[in-house]
Amino acid sequence: MCCSRLAPKTGSSPTSDRYHRDTMADPLFTISATLRDAFASVTGLPAVGIDPVVRPSDRADAQVNGALALAKQVGRNPREVADAVVATGALAAICSAVEVAGPGFINLTFTEAFLAEQLAASAEDARLGVRMAAVTERAVVDYSAPNVAKEMHVGHLRSTVIGDSIVRLLQFVGHEVVRENHIGDWGTPFGMLIEHLLDLGDSAAIDMSDPNPFYQAARAKFDADDDFKARARDRVVALQSGDPSTLAIWQRLVDNSAEYFDIVYRQLGVLLTHDDLMGESAYHDKLAGVVEQLAVKGLLEQSDGADVVFVPGFTNREGDPLPLIVQKGHGGFNYATSDLACVIDRVDRLGATLLVYVVGSPQAQHLAMVFKVAEMAGWLAPPAHAVHVGFGSVLGADRKMYKTRSGENVKLQALLDEGVQRAAAAVAEKNPEMPADEQAAVGRMVGIGAIKYADLSTDRIKDYVFDWDRMLAFEGNTAPYLQYAHARICSIFRRAGVERPSVRSAPVSLAEPQERSLALALLQFDAVVHDTVEKFAPHRMCTYLFDLAQAFTGFYEACPVLKDGYETTRLSRLALCDLTARTLQQGLALLGIDAPERM
RNA sequence: GCCCUCGUAGCUCAGGGGAUAGAGCGCCGGCCUCCGGAGCCGGAUGCGCAGGUUCGAAUCCUGCCGAGGGCGCCA
């Protein structure tokens with residue numbers, strides 16, 4: 001289901017034609033290609049299709065597990081195959097130790113020179129050694145999707161934050177990305193919203209700090225007042241038939257909401273802007289065509305008065321074939337029709353090869369049906385393909401949907417404000433000498449970062465429990481911990497009075513085990529970025545950054561950088577510090593999180 | 001009823017078919033005149049249950065148990 005066209009399994013099974021080879025990369029990736037050839041020559045199997053299964057190891061710098069499976073294939077002893085691969089000498093130049101262990105594992109220890117060379121290449125590279133994807137996708141990412149005239153609440157958080165990170169990751173490895181914010185700006189509610197706006201007068205507008213009262217007032221009138229209800233219904237007809245004055249009022253509502261969305265997006269620090277809005281209204285005049293084309297293609301059937309497409313493999317609660325309804329019994333279209341029009345638009349107009357839907361897991365079946373129908377109709381055909389990036393819910397401490405005490409949706413702005421406020425207090429306590437304006441700026445980075453990181457750092461498919469104390473802690477797998485690690489490294493350079501770029505060509509020594517561990521962690525960044533993109537799994541980046549920060553702590557504990565008596569290792573260790581800070585900063589940036597230089 | 005997802009340490013979570021399942025928080029016991037403790041070292045407790053595939057399963061398959069979600073005219 002994951003997008004295998006994006007990238008191979010990074011680090012382990014390279015298909016060399018898929019990557020530009022002009023930058024250095026993860027050593028595990030580099031040696032995979034060499035080992036694949038060595039296994040091919042030893043076993044006589046074709047190199048294509050051989051996976052040497054190179055993995056990080058707690059017994060060495062890396063371990064190669066491929067001999068066990070491949071020996072089985074050719075009916076030989078795994079240890080013998082492993083020995084033969086070692087005997088080819090393919091790894092002699094870059095390994096100080098290569099030993100066969102257990103049933104046929106090959107344990108590798110890289111030479112210090114090889115690791116230092118790889119590190120130097122990363123240090124000199126603005127991309128920190130991260131390869132570009134060789135197959136460039138034109139990716140359309142659909143995320144956030146708030147509704148006009150309604151507030152953004154905690155229910156919009158995950159789609160917006162996960163989608164933003166996926167956009168940044170795709171862009172970083174070279175894909176062309178189109179952001180699509182599919183806002184709810186059309187449909188029957190707009191009759192009452194427009195009438196309510198008219199009732200309020202010419203200068204009326206939605207309160208951008210709290211749109212809900214507007215919607216609720218319109219709703220209340222609609223429910224209580226038959227005259228208003230009739231006006232609202234007439235207004236829907238006028239809107240759908242394109243009445244200019246009605247459209248003008250509708251446009252005011254949309255523009256007003258767009259301003260509100262922009263405020264929230266700026267507060268949240270995501271890339272979405274007004275230009276990314278692509279609401280349901282944009283597809284309004286294409287919906288009849290969608291149904292017509294389905295009819296022409298012979299896919300359309302009648303069921304209980306509605307026009308539907310029966311989708312193979314889907315059944316309802318009676319075990320009967322499950323239809324996707326594209327035109328309701330009384331003629332209206334629904335979201336399935338709109339979603340199909342979207343697919344056509346994204347493939348035809350935008351030239352999308354990859355359609356990413358960052359939408360909650362409950363819609364998995366709906367999207368699977370839409371994708372299937374789009375394929376059946378020929379609208380979604382290779383190379384174009386669609387991926388549902390689903391996610392679980394945000395839960396409260398009671399493990400139920402996160403709500404206020406009175407059971408209402410938590411407003412996104414209020415949530416962000418509270419995070420910033422709590423973080424600012426923590427920063428003020430930790431660094432009381434910092435000027436107030438800087439405390440405020442850092443508080444924003446830390447508070448917003450903490451909220452985003454809490455959302456991104458666990459497997460997106462699972463629900464997670466929203467917990468201020470845990471996400472804002474300076475210990476554990478949190479944004480503040482990583483930001484603090486970054487700030488501390490920056491502080492080393494301030495103290496040393498050294499410009500960071502000046503250490504980027506320094507030779508690196510890896511004599512201490514903690515230096516080696518840190519070096520190995522730094523060199524994994526390339527593989528982790530690709531793994532994260534391939535799986536649409538930001539939590540993998542989070543796990544890596546936390547591991548990296550831990551590796552740095554071990555290094556920092558054991559390896560004095562600026563202390564007297566360590567002058568000869570100073571430059572080398574500063575180089576490790578710099579590369580660590582840059583990797584933390586870049587990794588956090590790919591998650592949409594800022595890394596302050598002091599906090 | 002059918003379908004989907006999830007079930008790993010007391011808690012929150014990692015774990016790409018490979019060797020002895022990891023981390024953080026919490027707990028217990030030590031250590032450091034520490035470049036801003038993001039401290040350091042040691043210890044205890046675990047893959048929901050039962051089968052199967054495999055040389056090898058937390059990982060793949062089947063069944064069961066438990067939690068959440070979905071299942072024709074809301075989006």
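Labels below follow one simple rule: chain letters A, B, ... track the order of the sequence lines, proteins then strands, and each chain is numbered from 1. Note: hydrogens, waters and symmetry copies are ignored here, and every other heavy atom, side chains too, is used.
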Heavy atoms only, 4.0 Å cut-off, all strands: where does A:Asn316 land among base, sugar-phosphate and nothing? base

Within the structure shown, what part of the strands sits under 4.0 Å from A:Ala69 by heavy-atom distance: base, sugar-phosphate, or nothing? base

Less than 4.5 Å apart, any side-chain heavy atom of A:Tyr143 and any of A:Glu180? no

Using a heavy-atom cut-off of 4.0 Å across all strands, would you classify A:Gln63 as base, sugar-phosphate, or nothing? base

Which value, in whole Å, describes the distance between the C1' atoms of nucleotides B:rA9 and B:rC25? 12 Å

Spacing of A:Tyr566 atom OH relative to B:rC35 atom P, expressed in whole Å: 12 Å

With heavy atoms under 4.0 Å as the rule, sort A:Asp467 into base, sugar-phosphate or nothing. nothing

Length of the NZ-P vector between A:Lys72 and B:rU53, whole Å: 13 Å

Going from CG on A:Leu456 to OG1 on A:Thr543, what distance comes out if it is rounded to the nearest 0.5 angstrom? 11.0 Å

Can you tell me which nucleotide in B:rC55, B:rG36, B:rC6 comes closest to the side chain of A:Arg494? B:rG36

In terms of the angle between their ring planes, are A:Phe552 and A:Phe555 parallel, tilted or perpendicular, with boundaries placed at 30° and 60°? tilted

Remember a base hit wins even if backbone is also touched, and classify A:Phe474 as base, sugar-phosphate or nothing at under 4.0 Å, heavy atoms. sugar-phosphate

Atom CD of A:Glu318 and atom C1' of B:rG1 are separated, to the nearest Å, by 9 Å

Any side-chain N or O of A:His539 below 4.0 angstrom from OP1/OP2 of B:rG15? yes

Determine the Euclidean distance between corresponding C1' atoms of B:rC55 and B:rC11; express it in Å to zero decimal places. 38 Å

Starting from the 5' end of RNA chain B, give me the residue, A:Gln363 or A:Asp58, whose nearest nucleotide shows up first. A:Asp58

Quick one: A:Leu545 CG to B:rA23 P, roughly how many Å, whole number? 19 Å

Please determine whether the number of non-hydrogen atoms from other residues, nucleotides or ligands lying under 6.0 Å from atom CD of A:Glu429 exceeds 12. no

From the options B:rG18, B:rG72, B:rG16, select the nucleotide whose nearest atom is closest to the side chain of A:Ser303. B:rG72

Compare all side-chain heavy atoms of A:Ile325 with those of A:Asp307 and state whether any distance is below 4.5 angstrom. no

Check: A:Thr569 and A:Cys559 side chains under 4.5 Å, non-hydrogen atoms: no

Is there a donor and acceptor pair, one atom on the side chain of A:Ser491 and one on the base of B:rG36, closer than 3.5 Å? yes

Choosing from B:rA14, B:rG18, B:rC13, which nucleotide comes nearest the side chain of A:Phe105? B:rG18

Which label fits B:rG72, syn or anti, where anti is any glycosidic angle not within 90° of 0? syn

Expressed as a whole number of Å, how far does the C1' atom of B:rC40 sit from that of B:rG52? 47 Å

Kindly indicate whether the side chain of A:Val446, heavy atoms from C-beta on, has any atom under 4.5 Å from the side chain of A:Met599. yes

Winner on side-chain proximity to A:Tyr556, out of B:rC73, B:rG36, B:rA14, is B:rG36

For a ring-ring contact (aromatic ring centres under 6.0 Å, His included) with A:His366, tell me which candidate from A:Phe371, A:Phe314, A:Tyr357, A:Tyr335 qualifies. A:Tyr335

B:rC74 to B:rC65 separation - P atoms, rounded to the nearest Å: 35 Å

Classify A:Thr543 by what it touches in the nucleic acid, base, sugar-phosphate, or nothing, heavy-atom distance under 4.0 Å. sugar-phosphate

Answer yes or no: is there a side-chain heavy-atom contact under 4.5 Å between A:Phe493 and A:Cys577? yes

Answer whether the closest heavy-atom distance between the side chains of A:Val291 and A:Phe333 falls below 4.5 Å. yes

To the nearest angstrom, how far is A:Lys535 atom NZ from B:rU59 atom P? 17 Å

What is the nucleic acid contact for A:Ala364, judged by heavy atoms within less than 4.0 Å: base, sugar-phosphate only, or nothing? nothing

With rounding to whole Å, what would you report as the distance between B:rG10 and B:rC27 at their C1' atoms? 9 Å

Is the distance from OP1 or OP2 of B:rA14 to the nearest side-chain N or O of A:Lys462 less than 4.0 Å? yes

Selection from B:rG16, B:rA23, B:rA14 that lies nearest to any side-chain heavy atom of A:Phe546: B:rA23

Would you mind classifying the nucleic acid contact of A:Ala101 as base, sugar-phosphate or nothing, using non-hydrogen atoms under 4.0 angstrom? base

Of B:rC55, B:rC73, B:rC35, the nucleotide closest to the side chain of A:Asp304 is B:rC73

Inter-nucleotide P distance (B:rU59, B:rU8), Å rounded: 13 Å

I would like to know whether A:His182 and A:Tyr283 meet ring pair (Phe, Tyr, Trp, His ring centres under 6.0 Å); could you show each step before the answer? CA-CA 10 Å; A:His182 193 86; A:Tyr283 305 97; 5.7 Å; yes

Rounded to whole angstroms, how far apart are CZ on A:Arg219 and C1' on B:rC74? 11 Å

Numerically ordered, the residues 320-330 of chain A set in heavy-atom contact under 4.0 Å with RNA chain B is A:Leu322, A:Pro323, A:Ile325, A:Lys328, A:Gly329

Whole-Å distance, A:Glu475 CD to B:rC13 P, equals 18 Å

Side chain of A:Glu280, heavy atoms from C-beta onward: which of B:rG36, B:rG16, B:rA75 has the nearest atom to it? B:rA75

Is A:Cys559 touching bases, backbone alone, or none of the nucleic acid, heavy atoms closer than 4.0 Å? base

Taking atom types as modelled, is there a side-chain donor on A:Thr160 or A:Ser144 under 3.5 Å from an acceptor on the other? yes

Whole angstrom is fine here: how far is it from CZ in A:Arg399 over to C1' in B:rC13? 11 Å

If we take the P atom in both B:rU12 and B:rG48, what is their distance in whole Å? 15 Å

What integer number of Å spans the C1' atoms of B:rG68 and B:rA44? 33 Å

Got a minute to check which stems RNA chain B is part of, using Watson-Crick or G-U wobble pairs under 3.5 Å, three or more consecutive? B:1-7 with B:65-71, B:10-13 with B:22-25, B:27-31 with B:39-43, B:48-52 with B:60-64

